[in-house]
Amino acid sequence: MKALRIHGARDVRVDNVDDPEIQDSRDAIIRVTSTAICGSDLHIYNGSIPQPRPMTLGHEFMGIVEEVGKGVKNLKRGDRVVVPFPIACGHCLFCNHDLPGHCENSNPEHYGPEGGLMTEKGGALFGYTDLYGGYDGGQAEYARVPYADYGPRKVPDNLTDEQVLFLTDIFPTGYSGIDWANVKGGETVAIFGSGPVGIMAAKSAWLRGASRVMIVDTQQYRLNLAAKAARAEGILWESHDQVVDEIRSKTRGYGADVVVEAVGFEPDRNLADRAKAVINIEKGSDKVMLACFSAVRRGGFVSILGVYSSPYDNFPIHQIFDKGIIIQAGQAPAHKHIDRLLKHVSDGDVRLDDIISHRLPLSQAPHGYDIFRHKKDNCTKVVLKPGA
């Protein structure tokens with residue numbers, strides 16, 4: 001089959017590889033009909049999260065069940081399914097507490113309680129390096145899905161692939177940032193990052209009754225999309241102080257009730273930012289996270305959805321303490337929310353496919369990575385069609 005594999009920093013190729021096979025009684029083989037490139041994939045593509053051997057990328061995919069193991073009773077050949085991005089067993093301590101990203105069985109080689117830089121990581125993720133299980137992802141014609149009796153959800157026939165594809169990751173992830181903050185109605189929400197996850201967080205904020213939603217980005221075209229697709233007030237980032245001052249000016253000087261960080265450790269950076277990272281031996285920058293701590297009101301909530309893979313010097317614990325900021329971060333518990341969110345889509349409460357800017361055959365996946373990384377051609381979200 002054809003599969004998009006990483007071969008080194010900024011080197012992805014569509015290779016001929018062996019078809020996946022059933023390896024466990026709880027496995028399923030999926031013929032991928034739609035898959036997408038995620039901002040998290042760019043961390044591997046850029047070389048910021050290393051992957052020493054070739055691996056099929058992609059954790060946002062869906063398709064048709066072709067084969068199931070003997071232990072899978074809830075799926076059959078021909079079922080159309082969408083697959084959550086964490087690989088989780090469904091019965092360990094953490095799965096039983098709706099924390100599939102911490103599954104203690106899916107990543108036996110590198111799992112542990114510490115959460116270190118290169119050791120004792122969390123549960124497995126599709127196509128997300130050997131540290132997170134070493135499982136090939138879904139940017140391919142076929143994919144092996146472990147624990148298929150727990151993860152995949154059947155999709156109603158009346159919904160298209162593009163209507164439900166983002167239930168794999170970015171919609172549950174955006175929703176988690178709002179759910180963690182326990183948004184009940186009337187809150188002001190400020191979101192840093194007007195990419196796919198940030199826009200999904202904005203859509204989720206409205207679903208949970210927010211009274212005002214602002215979104216920050218360095219790119220005007222992304223703010224324009226957020227205004228159109230999620231009715232979010234755009235704030236163009238020029239500097240830390242300018243953004244924080246503008247958010248406070250819109251909230252009677254207090255700051256937002258809830259701030260969502262949807263950028264991660266590889267934001268747009270100037271020369272000074274890059275020099276600081278070199279001097280401090282840091283990966284990327286924590287500049288967006290620091291802006292979130294300033295932009296939230298006292299006693300407010302900061303949800304960190306963007307990936308951070310290294311420690312940072314001068315972390316502002318003093319500010320967090322003084323302001324009484326509540327923080328939650330990590331991989332989204334996609335399995336926890338996917339059924340509720342599928343119903344929102346089915347009922348017409350929310351639309352997900354309006355963020356797609358490019359649709360490409362799998363053969364053009366390297367081009368998709370290039371335009372997504374460099375924000376060319378107003379790229380916001382690339383969907384790949386393996387069958388095209």
(message) Under the criterion side chain to side chain donor-acceptor pair (under 3.5 Å), I'd like the reasoning laid out for K385 against T33: C-alpha separation, chi angles, the key distance, then a yes or no.
(response) CA-CA 6 Å; K385 300 290 185 177; T33 55; over 6 Å; no
(request) Indicate yes or no for a side-chain donor-acceptor contact from Y135 to the backbone of Y128 under 3.5 Å, with no hydrogens or angles considered. (result) no
(message) Distance check, rounded to the nearest 0.5 Å: I355 atom CD1 versus M200 atom CE?
(response) 3.5 Å
(request) State the CG-CG distance between L236 and L223, to the nearest 0.5 angstrom. (result) 6.0 Å
(request) Could you check if a side-chain atom of N74 sits within less than 4.5 angstrom of a side-chain atom of V72, using non-hydrogen atoms only? (result) yes
(request) Answer yes or no: is there a side-chain heavy-atom contact under 4.5 Å between Y111 and E120? (result) no
(request) Of all the heavy-atom pairs spanning S357 and N378, show the shortest one and how long it is. (result) CB-O, 3.9 Å
(request) State, yes or no, whether a side-chain contact exists between L384 and L4 at a heavy-atom distance under 4.5 Å. (result) no
(message) Measuring from atom CH2 of W237 to atom CG of D217, what distance do you get when rounded to the nearest 0.5 angstrom?
(response) 10.5 Å
(request) Compare every heavy atom of A28 with every heavy atom of A148, then report the nearest pair and how far apart it is. (result) CB-CB, 3.4 Å
(message) Given 3.5 Å as the limit, does a donor-acceptor pair link the side chain of R373 with the main chain of R10, or not?
(response) no
(message) Let's go through R31 and E141 carefully: what are the C-alpha distance in whole Å and the side-chain angles of both, what is the deciding distance for salt bridge (Lys or Arg N to Asp or Glu O under 4.0 Å) to 0.1 Å, and is it a yes or a no?
(response) CA-CA 6 Å; R31 175 170 57 84; E141 292 181 311; over 6 Å; no
(request) Report the distance from atom CG of N105 to atom CD1 of I87, rounding to the nearest 0.5 Å. (result) 12.5 Å
(message) A side-chain contact here means heavy atoms from C-beta on lying under 4.5 Å apart; do H59 and P84 qualify?
(response) no
(request) May I ask you to check whether over 12 heavy atoms, not counting those of Y254, lie within 6.0 Å of atom OH? (result) no
(request) Evaluate the side-chain proximity of H335 to R153: yes if any heavy-atom separation is below 4.5 Å, no if none is. (result) yes
(request) Go through V155 and L167 one step at a time and tell me if the side-chain contact (heavy atoms from CB on, under 4.5 Å) criterion holds. (result) CA-CA 11 Å; V155 176; L167 290 165; over 6 Å; no
(request) Would you kindly confirm whether V197 and V307 end up in one hydrophobic cluster when ILVMFWY residues are joined by side chain heavy atoms under 4.5 Å apart? (result) no
(message) So for atom CZ, which belongs to R53, do other residues, nucleotides or ligands contribute more than 12 heavy atoms lying within a distance under 6.0 Å?
(response) yes
(message) Please say yes or no: joined through hydrophobic side-chain contacts below 4.5 Å, possibly via intermediate residues, are I371 and I356 part of one cluster?
(response) no
(message) Walk me through whether S176 and Q328 qualify under side chain to side chain donor-acceptor pair (under 3.5 Å).
(response) CA-CA 10 Å; S176 292; Q328 188 154 348; over 6 Å; no
(message) Check whether K203 reaches the backbone of L352 with its side chain - one donor and one acceptor, N or O, closer than 3.5 Å.
(response) no
(request) Kindly assign one of parallel, tilted or perpendicular to the pair F61 and F126, based on the angle between their ring planes and the thresholds 30° and 60°. (result) perpendicular
(request) Spell out, as yes or no, whether a donor-acceptor pair under 3.5 Å connects the side chain of K73 to the backbone of K70. (result) yes
(request) Dump the intermediate steps for side-chain contact (heavy atoms from CB on, under 4.5 Å) on V383 and F166, then the final yes or no. (result) CA-CA 10 Å; V383 172; F166 301 139; 4.1 Å; yes
(request) Kindly give the heavy-atom pair with the smallest separation between V81 and P152, and that separation in Å. (result) CB-CB, 4.0 Å
(request) Could you tell me whether the side chain of E261 and the main chain of V263 form a donor-acceptor pair under 3.5 Å? (result) yes
(request) Using the rule that two of Ile, Leu, Val, Met, Phe, Trp, Tyr join whenever any of their side-chain heavy atoms come within less than 4.5 Å, decide whether V302 and V216 are in one cluster. (result) yes
(request) Begin from the C-alpha positions of D161 and S34 and carry the test side chain to side chain donor-acceptor pair (under 3.5 Å) through to its verdict. (result) CA-CA 7 Å; D161 275 20; S34 294; 2.8 Å; yes
(request) State the CZ-NZ distance between F192 and K287, to the nearest 0.5 angstrom. (result) 11.5 Å
(request) Apply side chain to side chain donor-acceptor pair (under 3.5 Å) to the pair Y369 and Q139, showing each step before the final yes or no. (result) CA-CA 12 Å; Y369 270 83; Q139 291 171 9; 2.8 Å; yes
(request) Spell out, as yes or no, whether a donor-acceptor pair under 3.5 Å connects the side chain of E266 to the backbone of G284. (result) no
(message) As an exercise, state the distance from SG of C38 to CZ of F372, rounded to the nearest 0.5 Å.
(response) 6.5 Å
(request) Determine yes or no for a side-chain-to-main-chain donor-acceptor pair under 3.5 angstrom, with R297 supplying the side chain and R248 the backbone. (result) no
(request) Work out which heavy atom in A143 is nearest to a heavy atom in G138; give both atom names and the distance. (result) CB-CA, 4.3 Å
(request) Look only at the side chain of D245 and the backbone of Q242, and say whether a donor-acceptor pair between them is shorter than 3.5 Å. (result) no
(request) Consider only side-chain heavy atoms of I, L, V, M, F, W and Y, link residues closer than 4.5 Å, and tell whether F171 and L305 are in one cluster. (result) yes
(message) Side-chain heavy atoms nearer than 4.5 Å, only ILVMFWY residues, links allowed to pass through others: does that put V288 and Y312 together?
(response) yes
(message) Just checking D157: does its CG atom have more than 12 heavy atoms from other residues, nucleotides or ligands closer to it than 6.0 angstrom?
(response) no
(request) Measure from the ring center of F265 to the ring center of H43 and say whether it is less than 6.0 Å. (result) yes
(request) May I ask you to check whether over 12 heavy atoms, not counting those of N314, lie within 6.0 Å of atom CG? (result) no
(message) Could you check whether any side-chain heavy atom of M214 comes within less than 4.5 Å of a side-chain heavy atom of T188, counting everything from C-beta outward?
(response) yes
(message) Donor-acceptor pair, distance only, cut-off 3.5 Å: does the side chain of D136 make one with the backbone of T56?
(response) yes
(request) Might you confirm whether atom NE2 of H91 has over 12 heavy atoms from other residues, nucleotides or ligands at distances under 6.0 Å? (result) yes
(message) Is there a side-chain contact between V213 and R231 in this structure, where contact means two heavy atoms from C-beta onward sitting under 4.5 Å apart?
(response) no
(request) Return the minimal non-hydrogen interatomic distance between A202 and A232, and the atom names on each side. (result) CB-CB, 4.4 Å
(request) For side-chain contact (heavy atoms from CB on, under 4.5 Å), just list the numbers for T380 and R222, CA-CA rounded to whole Å, side-chain angles, deciding distance to a tenth of an Å, and then say yes or no. (result) CA-CA 7 Å; T380 51; R222 285 155 61 104; 4.2 Å; yes
(request) Over 60° means perpendicular and under 30° means parallel, so classify the ring planes of F94 and H102, tilted if in between. (result) tilted
(message) Would you say NZ of K376 has more than 12 non-hydrogen atoms from neighbouring residues, nucleotides or ligands within 6.0 angstrom?
(response) yes
(message) So does S294 get a backbone contact from the side chain of K323, meaning a donor-acceptor N/O pair under 3.5 Å?
(response) yes
(message) Among R351, R359, K381, exactly one meets salt bridge (Lys or Arg N to Asp or Glu O under 4.0 Å) together with E162. Which residue is that?
(response) R359
(request) Write down the atom of N107, the atom of G122, and the distance for their closest heavy-atom approach. (result) ND2-O, 2.9 Å
(message) Are the side chains of Q331 and P86 in contact, using a 4.5 Å heavy-atom criterion?
(response) no
(request) Might you work through the side-chain contact (heavy atoms from CB on, under 4.5 Å) test for L362 and K2, ending with a clear yes or no? (result) CA-CA 8 Å; L362 182 64; K2 302 286 187 183; 4.0 Å; yes
(request) Return yes when atom CG of D18 has more than 12 non-hydrogen atoms of other residues, nucleotides or ligands closer than 6.0 Å, and no otherwise. (result) no
